[in-house]
Structures are given as C-alpha cells and as structure tokens.
2 protein chains.
Amino acid sequence: MGVKTENGFQITRDQAIPGPDAMLATLTKAGYSNTRARRSVLEALFDANGQASPAELLALGRAHHPALGIVTVYRTLEVLSELGLVRKLHQDDGCHTYAPVQHHHGHYVICERCHRTIEFEGCDIAAVVASVESQTGFQVREHWLEMFGLCPDCRLEHPGAV
Amino acid sequence: MGVKTENGFQITRDQAIPGPDAMLATLTKAGYSNTRARRSVLEALFDANGQASPAELLALGRAHHPALGIVTVYRTLEVLSELGLVRKLHQDDGCHTYAPVQHHHGHYVICERCHRTIEFEGCDIAAVVASVESQTGFQVREHWLEMFGLCPDCRLEHPGAV
DNA sequence: TTAGAAATTGATAGTCATTTTCAGTTTTTT
DNA sequence: AAAAAACTGAAAATGACTATCAATTTCTAA
Ligand SMILES: [Mn+2]
Ligand SMILES: [Mn+2]
Ligand SMILES: [Zn+2]
Ligand SMILES: [Zn+2]
C-alpha cells in the first residue's frame, strides 16, 4: 500500500504521506543529528502494524541497529512527538504505543484483536464541541479521540463478532 | 449546584444524578459490603473537583476515614468501574484519574489550568464513525473522547487565553 | 444479640514502564 | 583531522500500580 520514492515519500492514489526518510529529513532540518539509532527507530515505526510500544520498537529497531537501547527509543519518540511526527496512543492498561502521523488532524482506529491501527481523517466534531461549550461553559481547545473495533481481516475470521 | 435528597440523589433543574449514597446503594445491591472504606472513597469522589487521582482520593477519603489505605482506593475504583459508576480518564503523563458517571453515554471536558472536570452528554459522532468505517474497512465498536480547554472561572482569570 | 463464615482491609513487598545519571561514543563543526 | 557538541546505552532510580497475607470488619443464620 504505497510506493516509496527517492525523496522519501510514499505515494498512494491521492496524496503523498511521509515515510521514514521524510521524517528523518524533518528531524535534521530541525537541528537534530542524523544518527543510526534514530534511523532505526524510524524504520521500526514503519515496520510495525500501524502502532507499536517502545519495547516493540526496540525489537524491530534492532533488526536495523543491533546495539539500539531502550532509552534511546524513548528519547527518539519524545523528539518525534515534539516535531509532530508521531502520536502517543493510550492503551487501556495504562501503557502507550506510538503511531506515525500522516494527517495533520488525524485520529486512530485500533483493532481489538490484532492491534492493527489505521489513522483516519475527517473527524468533524465541531457540532459536538459547540454543544459541549454551551452545556458546560468551557472553552474547548483540543480533543482526544480513539476508536476501537475489528479490522477487515479480523472481521472475516470472526464472522459472528459484533 | 444540586441539592442532596434523603434517597441519595442530587436534584438539578431537569434530572436526578447519582451522588455517593445512590452509588453506595448500587454497590450493596450488587452484593458488595457496605464498608467504611468504600463509603469514604465514594465521599472523596464527590468532594473532588470532578475527577481525582487515586492518591488524591486517598487524601480526600482520609478526611472521612483516617485509616483508609491506598490499596483499598484502587480496589474500590475497580469495583466502581465494573458497576459503571466511575470512568477512568487518561492523563497525558500516563497516569489516570477517576470521575463519577452521571450520564450513560458521557464524556468529559477537563480544564487545563485548574483540572476541573465536567461530564457532558450528547456526543453524536455517528457520522464520524460511518466515515471511519468506510475509509478504513474497520467495524467500530467503541470510542474514547476527551476534551481539553478552560473552565468558566479560568477563562475569566486569563482573558487573553485562547 | 451472637457466633461463625465470608468478605474486606491495609501494611508490606513486588512488578514493570518510564526517567535520570553519567562516562564513553558518534556526529557535526571548524 | 581536531575540538566541540550532540547523542548513546548501561545501570540505577522512580513511581504508579498489583499481589500477598494475616488481621479486622461485615454479613448471615440462628
Ligand atoms: Mn479530531
Ligand atoms: Mn461518545
Ligand atoms: Zn485485526
Ligand atoms: Zn479551570
């Protein structure tokens, strides 16, 4: 799904979405060093199933850079978050996973069975925000939204599932 | 905001919303013992500013029952969650707070300055869910939604704030 | 009201994700 | 290539949360 071009972007039918190379470019443009550890974390992010925990990224990243350490995974994710290149997803058990950002205002749907995660855009909750503001008197500045369900593959394997 | 009646409900203009006594009734009806520790946690939940962390509930609860222990706070919150009487809110730092449930399908707005939290209802994201399902092929089963902004009081103190 | 059974409690001791420290290494700059 | 700056990973620390267990409280059935 998507072809990688020389400039580091992946092409889908209708738009260019960033891949590891594009993110690395953003990183260096922001003044961060181009290091083997950071490259391996970026590769790991895209090797994953749409999202991954720091421990999973360590395992995936070591395929590219065996000496990679968990602390650097955390530190790289923090930098990527600051630059808006990844988002932290909240798991019910309190742990976190990270997903690459492909749309400016994106949220994620997570498969409850295989944990495949896809970012979606087009979240239009302006009406809900307006209603909340009038109900509560709050001025709303941002929101979190995560959806859970079954991905297409898991729906096929569990035809009876809700 | 709301008057407590003998049966444990608080009355607002248009509806009865549960208070500590009503929740205690639900608890005992479900077969759990009516204990001093549980009562103190319920009181603490309503003494708080709309939400509170387990540590904050411990402190608030000890005003009612000085021997209260943190483990019991966690255990009580787990029971209350199972019964649908509280919801766990996710903090950006990974910790959690708990808020009493007053509406069946409610979500929360949280003040970024004073952390006052109000539950709102009327979240209608059916259109968003439909769009996500057709965009991704997922079948959506549930969602998380939290909003952040400024409460009425904090807006007054920070007139320039966005 | 009372005795025994069942449920609950809280101190203590884990567990585990995440953070801090720090000396050594890699990358960048000159 | 040398010096400065940035980065790295091992090890230790932190802190939210969980498991254990003996002691206490609450409930049930006389
Ligand atoms: Mn949105
Ligand atoms: Mn909703
Ligand atoms: Zn799936
Ligand atoms: Zn406020």
Side-chain angles (χ1 to χ4, degrees), chain A residues 23-44 48 51-83 86-98 115, chain B residues 23-44 51-83 85-98 115:
Chain A
M23 290 195 175
L24 182 63
T26 303
L27 214 61
T28 56
K29 203 167 301 174
Y32 292 96
S33 302
N34 174 346
T35 68
R36 194 170 178 194
R38 283 179 182 149
R39 272 179 268 132
S40 71
V41 173
L42 283 173
E43 294 289 344
Q51 71 172 162
S53 66
E56 287 164 346
L57 291 171
L58 177 68
L60 290 169
R62 281 183 167 167
H64 301 273
H65 175 33
L68 181 64
I70 186 70
V71 179
T72 298
V73 173
Y74 278 101
R75 283 191 287 228
T76 301
L77 289 170
E78 193 183 340
V79 171
L80 295 175
S81 292
E82 275 166 12
L83 295 175
V86 301
R87 291 201 188 92
K88 188 200 273 188
L89 302 189
H90 297 253
Q91 308 281 103
D92 203 25
D93 64 7
C95 299
H96 301 102
T97 59
Y98 293 81
H115 301 111
Chain B
M23 291 196 176
L24 183 62
T26 303
L27 214 62
T28 55
K29 203 167 301 175
Y32 292 95
S33 302
N34 174 346
T35 68
R36 193 170 178 194
R38 284 178 181 149
R39 272 179 268 134
S40 71
V41 173
L42 283 172
E43 295 289 346
Q51 70 172 162
S53 65
E56 288 164 345
L57 291 171
L58 177 68
L60 290 169
R62 281 184 166 166
H64 301 272
H65 178 212
L68 181 64
I70 187 70
V71 179
T72 299
V73 173
Y74 279 102
R75 283 191 287 229
T76 302
L77 290 170
E78 193 184 340
V79 171
L80 295 176
S81 292
E82 275 164 14
L83 295 176
L85 296 173
V86 301
R87 290 200 189 92
K88 188 201 274 189
L89 302 189
H90 297 253
Q91 307 283 101
D92 203 26
D93 66 7
C95 299
H96 301 102
T97 58
Y98 293 81
H115 301 111

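Fair warning: this is a prediction, and the values are worked out from it, not measured in the lab. Chain naming here is simple, since letters A, B, ... match the order of the sequence lines and numbering starts at 1 in each. What's counted below: heavy atoms across the whole structure, side chains too, no hydrogens, waters or symmetry copies.
Each of B:Ile70, B:Thr72, B:Val71 was evaluated against B:Tyr74; a single residue qualifies, B:Ile70, per the side chain to side chain contact (heavy atoms under 4.5 Å, CB included) test. Each of A:His96, A:Lys88, A:Arg87, A:Gln91 was evaluated against A:Gln51; a single residue qualifies, A:Gln91, per the side chain to side chain contact (heavy atoms under 4.5 Å, CB included) test.
Considering only side-chain N and O atoms, B:His96 lies nowhere under 4.0 angstrom from the phosphate OP1 or OP2 of D:dA16. Contact annotation: B:His65 side-chain N/O to D:dT25 OP1/OP2 distance is not under 4.0 Å.
Using a 4.0 Å heavy-atom criterion, one finds that B:Arg38 contacts the sugar-phosphate atoms exclusively. Among the atoms of the strands shown, only primed sugar atoms or phosphate atoms (P, OP1, OP2) are found under 4.0 Å from some heavy atom of B:Ala67. Residue-level contact check: B:Ile70 touches neither bases nor backbone, having no heavy atom under 4.0 Å from any strand.
The structure places CG of A:Leu24 at 11.0 Å from NZ of A:Lys29, a figure rounded to the nearest 0.5 Å. Atom CE in A:Met23 sits 13.0 Å away from atom OG1 in A:Thr76 (nearest 0.5 Å).
Checked against D:dT8, C:dT18, C:dT9, the side chain of B:Ala37 finds its nearest nucleotide in C:dT9. For B:Tyr74, the listed nucleotide lying nearest its side chain is D:dA16; candidates were D:dA16, C:dT9, D:dG9. Comparing C:dT9, D:dA10, D:dT18 by their closest approach to the side chain of A:Val71 singles out D:dA10. Residue B:Arg75 has its side chain nearest to C:dG10 when only D:dA6, C:dA7, C:dG10 are considered.
Taking atom CZ on A:Arg39 and atom P on D:dC7, their separation rounds to 13 Å, with Å as the unit.
Residues A:Thr35 and B:Tyr98 both approach DNA chain D. Their nearest nucleotides, taken by heavy-atom distance, put A:Thr35 toward the 5′ side. Nearest-nucleotide mapping onto DNA chain D: of B:Ser33 and B:Pro54, the residue sitting toward the 5' end is B:Pro54.
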